[in-house]
Amino acid sequence: MPCRIEPATPAPPSAATPLPAALDWIAEALDHLAAAGLERPQRIRDGRQGATVDLDGRRLVNVGSNDYLGYAGDVRLTKAASKAACAEGFGAGASPLVSGHSRAHERLEQAIATLLDVPASVTFPSGFAANSATIAALVGPGDLIVSDERNHASIIDGCRLSRANVHVYPHRGVAPLDALLAAEGTQHRRRLIVTDTLFSMDGTIAPLADLCAVARRHDAMLMVDEAHATGVFGPRGSGLVEETGCADGVHVRTGTLSKALGAAGGFVAGHADLIRWLRHSARGWIFSTAHPPAVAAAATRAIDLVAEEPHRRVELLTRAAAFRDRLIAAGLDLGGSEAQIVPVVAGTAESAVALSSRLAEAGFFVPAIRPPSVPHGRSLVRASLSWLHSHSDLDHLADAIVACLR
Ligand SMILES: Cc1ncc(COP(=O)(O)O)c(C=O)c1O
């Protein structure tokens with residue numbers, strides 16, 4: 001087939017156009033960010049990502065995506081998406097509640113429920129929407145939320161949206177959480193404990209069995225976000241709830257299809273009535289167009305692959321443990337990571353950016369993570385490991401990190 005020459009994209013107006021006076025404050029705010037070392041470049045990726053990635057015209061070992069099982073660039077997902085797009089068209093066209101819920105979405109929700117071994121699930125356009133909309137649908141004014149201090153932004157925003165009374169407990173602090181609920185719990189109509197299971201910036205794991213016990217003791221709902229654990233942990237690959245045998249004590253399980261599953265969209269899974277309630281009350285589901293059926297088909301294929309290729313998650317976690325051991329042996333502070341997310345704490349925003357740039361010079365893309373994603377003074381570079389990385393890739397990366405820090 002002859003190669004089609006794409007017409008040149010017309011250029012937008014020049015970025016040097018002066019800001020209208022009403023937006024002057026933005027120039028000042030951006031100057032402050034730059035002065036604090038918090039300016040963020042917009043990188044451009046070319047082509048399909050895998051063990052390496054082409055960023056801004058440079059090929060680097062890709063330790064900066066959440067493609068933990070290597071499915072984001074997998075042609076089997078592309079084929080599933082193309083087949084669904086040919087059959088159903090691309091856009092969903094409407095909210096799921098109106099006409100956007102296609103056969104592909106229905107199959108995906110059943111596949112998620114089967115993977116998590118729960119009666120029902122509902123999918124959202126993103127994991128962010130799943131978390132924020134669900135919290136606001138579960139609690140409101142007069143209710144209490146207790147939230148781990150390192151929870152993801154989507155949980156924080158959901159807490160704010162709900163207008164419930166929010167208390168933040170120290171990271172993985174079961175005793176302070178218990179004390180908070182003892183002091184505050186009875187004054188509120190409902191109580192909700194909310195936590196990530198695998199923390200996205202730290203690679204630390206929530207003490208799920210203890211959280212279940214606290215929830216039971218205080219008659220609280222327990223909601224957990226498995227965004228980084230889905231596909232990676234548990235004998236079936238459903239996440240840390242399964243891995244820790246806590247399914248009976250967790251009331252609401254959320255997750256995303258965008259990380260280990262290599263697709264896009266978020267989900268909530270649990271009791272059939274919980275899911276029915278969300279379909280009547282979760283505004284981020286009711287008032288948002290469903291994600292494209294092709295995306296749902298790709299995510300369903302990825303769920304099948306999680307069942308067919310359990311060796312990927314086993315090997316990923318084994319290699320991640322060896323990688324962490326190598327860095328710890330070199331005396332590095334990994335902030336308590338226990339998983340495939342491995343932060344190396346650098347301190348200031350500037351030192352994290354400098355470390356990330358040195359690693360890029362050595363051939364590795366390891367992004368710098370700075371405030372507001374992490375507290376001031378705890379900036380880091382975060383290695384997100386993938387099954388696509390071999391033992392030797394990770395040995396070279398560990399050696400490069402140690403060398404760059406010297
Ligand atoms: C812990 C956690 N929850 C939720 C999300 C949101 O998921 P998504 O990217 O699918 O919107 C993320 C993504 O960054 C995350 O890290």
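One-based numbering, in listed order, for ligands and for the atoms of each.
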Quick one: pull up CD1 in I286 and CG in L278 and give me the separation to the nearest 0.5 Å. 9.0 Å

List by chain and number: which residues place a heavy atom under 4.0 Å from ligand 1? S126, G127, F128, N131, H152, S154, D196, S200, D225, A227, H228, T256, S258, K259

Under the salt bridge (charged side-chain N to carboxylate O under 4.0 Å, His left out) criterion, do D395 and R326 qualify, and how do the steps go? CA-CA 8 Å; D395 285 351; R326 207 172 167 104; 3.4 Å; yes

Presence of salt bridge, E109 and R279, under 4.0 angstrom: yes

List the residues meeting salt bridge (Lys or Arg N to Asp or Glu O under 4.0 Å) with R103, not counting sequence neighbours, and say none if there are none. none

Just grab all the ring-ring contact (aromatic ring centres under 6.0 Å, His included) pairs involving residues 83-102, residues at least two apart or on different chains. H101-H105

Who passes side-chain contact (heavy atoms from CB on, under 4.5 Å) against D178, sequence neighbours left out? V214, R217, H218

